[in-house]
Amino acid sequence: QVQLVESGGGSVQPGGSLRLSCAASGGIFAINSMGWYRQAPGKQRERVASITSGGGTTNYVDSVKGRFTISDDNAKRTVYLQMNSLKPEDTAVYYCNLNARQIYGPYKDYWGQGTQVTVSS
């Protein structure tokens, strides 16, 4: 059973920093990509950043470019999101996403439980 365990959320003042981590485990045969999504109250879930396995390609939503950095540790099957210069509009529940397949089966999306990030003075 594939599991994603997130950590690193919390409360911070505007301009502050947080680092999210997400570790994947359980029967993973191959990883296509990992990423982070977020959902603020009353809004749709949006993709914040993604990275292909081994760090080959990264993508960011425009609103976080230059402030957030996604990275991964392939050996640890862990993805990180370094968030700097945080703004109140970054407040949301952040979800880790894994696109991977088990030894028998297609690639599919897996999700973490979500971690709250609150940016407020």
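Worth saying up front: this structure is predicted, and the values here are computed from it rather than measured. Residue indices begin at 1 and follow the sequence shown.
Put simply, the side chain of Thr91 gets close to the backbone of Val119: a donor and an acceptor are under 3.5 Å apart. No donor-acceptor distance shorter than 3.5 angstrom exists from the side chain of Gln82 to the backbone of Thr69, with no hydrogens or angles considered. Panel note: side chain Glu6, backbone Cys96; a donor-acceptor pair is recorded below 3.5 Å. No donor-acceptor distance shorter than 3.5 angstrom exists from the side chain of Asp72 to the backbone of Asn74, with no hydrogens or angles considered. A donor-acceptor pair is defined here as one N or O able to donate and one able to accept, closer than 3.5 Å; no such pair exists between the side chain of Ser85 and the backbone of Arg67. Looking at Arg77, its side chain does come within 3.5 Å of a backbone N or O of Ile28 through a donor-acceptor pair.
Environment of CD in Gln44: sparse, with no more than 12 heavy atoms of neighbouring residues, nucleotides or ligands closer than 6.0 Å.
From Ser25, atom OG reaches atom NZ of Lys76 across 14.5 Å, with rounding to the nearest 0.5 Å. Met34 contributes atom CE, which lies 10.0 Å from atom CD1 of Ile51 (distance to the nearest 0.5 angstrom). For the atom pair Leu20 CG and Phe68 CZ, the distance stands at 8.5 Å (nearest 0.5 Å). To the nearest 0.5 Å, atoms CZ (Arg47) and CH2 (Trp36) are separated by 15.0 Å. Between Thr78 atom OG1 and Leu4 atom CG the span is 10.0 Å, to the nearest 0.5 Å. Expressed to the nearest 0.5 Å, how far SG of Cys22 lies from CG of Leu81 amounts to 11.0 Å.
For Asp62 and Lys65, the salt-bridge test passes: some basic side-chain N is under 4.0 Å from an acidic carboxylate O.
Side-chain contact between Ser11 and Ser120 is absent, with no heavy atoms from C-beta onward closer than 4.5 Å.
When all heavy atoms of Ala40 and Ala92 are compared, the closest pair comes out as N-CB, 3.8 Å. Summarising the geometry of Ala49 relative to Tyr60, their closest heavy-atom pair is CB-CD2, 3.6 Å, with the distance given to 0.1 Å. Heavy-atom minimum distance, Ala24 versus Leu98: CB-CD2, 4.1 Å.
Each of Val117, Asp90, Val64 was checked for a side-chain contact (heavy atoms from CB on, under 4.5 Å) with Met83, and the lone residue meeting it is Val117.
The cluster map of Ile, Leu, Val, Met, Phe, Trp and Tyr, joined by side-chain heavy atoms under 4.5 Å apart, puts Val12 and Tyr94 in the same cluster. When the side chains of ILVMFWY residues are joined at heavy-atom separations under 4.5 Å, either directly or via intervening members, Tyr37 and Val2 end up in two distinct hydrophobic clusters.
Remark: Glu46 pairs with Arg38, Val61 by the side-chain contact (heavy atoms from CB on, under 4.5 Å) rule, at least two apart or across chains.
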For residues 100-112, which side-chain donor-acceptor pairs fall under 3.5 Å, sequence neighbours excluded?
residue	atom	partner	partner atom	Å
Arg101	NH1	Ile103	O	3.4
Asp109	OD1	Asn99	ND2	3.0

